[in-house]
Amino acid sequence: RTPLTPTAERIATLNDVVADFRRAFVLFVDILKSIDQLRDVQEDDKMKIAKSRFAAFYWWLCSTWSAKAGCNGVCYSNGSYHPASISDMPKSEGKHGVRIDYSGVSQKSLENLVEPLRRMELSDEERIVGAVMVILADPVPNVSTKTEKILAEARDFYLELLGYCIKLPEEQQGIRVSTMVLLLASIMELVHLTTDNIQLSDVLHVIDLGDWSQELRDHRYRRQF
């Protein structure tokens, strides 16, 4: 648990990228443990929730940090950021180093997620409740009927809580909640593109995130774990 410093003071190295991925996962687990409704979920279902929802949470986290920091790229927890400009992106080591953003993910995140979040100027309460909503937004496959019910009830609870955090007239409150919910489609597109990036990096031996993260990075999770 290193200090969270999403200040975007410098361009990230490949080591920064890996370190941030690991640090964000620790934060993700802390937030999962803080959701009271999940305490009654059996352990194997908790693992399925963790594996299937981390990628979406990670994009929400980085995008809200980026919006607040005002950087031209993806803000990380360690004072660095991944630039949207291809010429500024970190390269792998060696004479023929290659860059790690093959699908224009950073630029897409700026256009489709960071800029809308920047315009919204989310409060701290909206950011954290929004993070929980991202985790709970989509059904998790292969869990028990009891867990499905618990997740649905938790989803309704946090959606109501999100509305409570928005200090606006009721009509404007509904529009703001709807706008935040619509951003989930952009998050899922980024999840798909990021997975493709990392799979290509694995093939080219550009970046090694370790075996521990393999299932976290597989967004095609509609299968048995």
Side-chain angles (χ1 to χ4, degrees), residues 1-8 20 23-41 45-46 49-50 52-71 73-79 81 108-140 143 147-191 194:
R1 287 179 173 79
T2 54
L4 295 171
T5 54
T7 50
D20 181 71
R23 180 62 184 92
F25 181 72
V26 174
L27 179 60
F28 172 65
V29 172
D30 287 342
I31 290 178
L32 278 180
K33 288 182 176 179
S34 76
I35 301 174
D36 287 343
Q37 293 90 337
L38 300 189
R39 292 178 182 174
D40 294 330
V41 173
D45 280 355
K46 286 181 181 178
I49 295 168
S52 66
R53 301 310 301 156
F54 173 66
F57 165 84
Y58 187 51
W59 269 113
W60 173 264
L61 186 68
C62 291
S63 297
T64 54
W65 283 344
S66 301
K68 190 172 183 179
C71 62
V74 179
C75 184
Y76 294 143
S77 64
N78 48 29
Y81 73 99
K108 286 181 183 293
S109 72
L110 280 180
E111 295 171 356
N112 300 335
L113 197 53
V114 175
E115 286 302 328
L117 287 168
R118 189 173 291 159
R119 290 193 296 270
M120 292 182 74
E121 297 182 338
L122 298 183
S123 66
D124 290 339
E125 292 83 2
E126 288 173 317
R127 273 192 289 271
I128 189 63
V129 177
V132 178
M133 277 300 303
V134 168
I135 294 171
L136 299 172
D138 287 343
V140 177
V143 296
T147 297
E148 287 179 349
K149 183 178 179 181
I150 290 173
L151 289 172
E153 291 174 350
R155 193 178 304 121
D156 291 342
F157 173 83
Y158 279 96
L159 186 61
E160 183 178 351
L161 182 60
L162 182 59
Y164 179 79
C165 292
I166 299 172
K167 308 303 182 183
L168 292 171
E170 187 174 347
E171 181 179 337
Q172 296 178 42
Q173 182 186 103
I175 293 172
R176 192 169 176 86
V177 170
S178 299
T179 301
M180 292 177 68
V181 170
L182 286 173
L183 292 176
L184 293 172
S186 296
I187 289 176
M188 290 314 299
E189 179 187 11
L190 292 169
V191 169
T194 304

Would you be so kind as to tabulate the donor-acceptor pairs closer than 3.5 Å made by side chains of residues 165-174, with sequence neighbours excluded?
{"from": "Lys167", "atom 1": "NZ", "to": "Tyr164", "atom 2": "O", "distance (Å)": "3.3"}
{"from": "Gln173", "atom 1": "NE2", "to": "Gly163", "atom 2": "O", "distance (Å)": "3.0"}
{"from": "Gln173", "atom 1": "NE2", "to": "Ile166", "atom 2": "O", "distance (Å)": "3.3"}

For [X], give me all partners under salt bridge (charged side-chain N to carboxylate O under 4.0 Å, His left out), at least two apart in sequence or on another chain.
{"X": "Glu125", "result": "none"}
{"X": "Arg23", "result": "none"}
{"X": "Arg127", "result": "Asp124"}

Quiz item: Is any NZ, NE, NH1 or NH2 atom of the basic residue among Glu126 and Arg176 found under 4.0 Å from an Asp or Glu carboxylate oxygen of the other?
Solution: yes

Mind checking the [atom1]-[atom2] spacing from [X] to [Y]? Nearest 0.5 Å is all I need.
{"X": "Asp45", "Y": "Glu148", "atom1": "CG", "atom2": "CD", "value": "9.0 Å"}
{"X": "Leu183", "Y": "Met188", "atom1": "CG", "atom2": "CE", "value": "13.5 Å"}
{"X": "Met133", "Y": "Trp60", "atom1": "CE", "atom2": "CH2", "value": "9.5 Å"}

Tell me, do [X] and [Y] make a side-chain contact under 4.5 Å, heavy atoms counted?
{"X": "Val134", "Y": "Ile187", "value": "yes"}
{"X": "Leu151", "Y": "Leu38", "value": "yes"}
{"X": "Val143", "Y": "Val41", "value": "no"}
{"X": "Leu117", "Y": "Met180", "value": "no"}
{"X": "Ser178", "Y": "Val181", "value": "no"}
{"X": "Ser109", "Y": "Trp59", "value": "yes"}

Practice problem: Can you see which heavy atom on Arg155 is nearest to which on Ala137, and at what distance? | Solution: NE-O, 3.6 Å

Exercise. Indicate the atoms forming the closest heavy-atom contact of Thr147 with Ile49, along with that distance.
Key: CG2-CD1, 4.3 Å

Exercise. Consider only side-chain N and O atoms of Tyr58 and Asp20, and report whether a donor and an acceptor are under 3.5 Å apart.
Key: yes

Exercise. Apply side-chain hydrogen bond (donor to acceptor under 3.5 Å, both in side chains) to Thr64 and list each qualifying residue two or more places apart in sequence or on a separate chain.
Key: none

Practice problem: For Trp65, check side-chain hydrogen bond (donor to acceptor under 3.5 Å, both in side chains) against everything at least two apart and list the hits. | Solution: none

Side chain to side chain contact (heavy atoms under 4.5 Å, CB included) involving [X] - partner list, sequence neighbours excluded:
{"X": "Glu153", "answer": "Lys149"}
{"X": "Asp30", "answer": "Arg1, Val26"}
{"X": "Arg118", "answer": "Ala67, Val114, Glu115"}
{"X": "Asn112", "answer": "Lys108, Ser186, Glu189"}

Exercise. May I ask you to check whether Phe25 and Phe54 place their ring centers less than 6.0 Å from one another?
Key: yes

Polar side-chain atom of [X] near backbone of [Y] as donor-acceptor pair, under 3.5 Å:
{"X": "Ser66", "Y": "Gly73", "answer": "yes"}
{"X": "Ser63", "Y": "Leu113", "answer": "no"}
{"X": "Thr179", "Y": "Ile175", "answer": "yes"}

Quiz prompt | Verdict with supporting geometry, Ile150 and Asp40, side chain to side chain contact (heavy atoms under 4.5 Å, CB included) | solution = CA-CA 8 Å; Ile150 290 173; Asp40 294 330; 4.2 Å; yes

Quiz prompt | Residues Val74, Tyr76; criterion side chain to side chain contact (heavy atoms under 4.5 Å, CB included); working and verdict | solution = CA-CA 7 Å; Val74 179; Tyr76 294 143; 3.9 Å; yes

Exercise. Evaluate the criterion side chain to side chain contact (heavy atoms under 4.5 Å, CB included) for residue pair Leu122 and Lys68; output intermediate values, then yes/no.
Key: CA-CA 9 Å; Leu122 298 183; Lys68 190 172 183 179; over 6 Å; no

Practice problem: Determine, stepwise, if the pair Cys75 / Cys62 fulfils side chain to side chain contact (heavy atoms under 4.5 Å, CB included). | Solution: CA-CA 6 Å; Cys75 184; Cys62 291; 5.9 Å; no

Quiz item: Quick one: ring pair (Phe, Tyr, Trp, His ring centres under 6.0 Å) partners of Tyr158, sequence neighbours excluded?
Solution: none

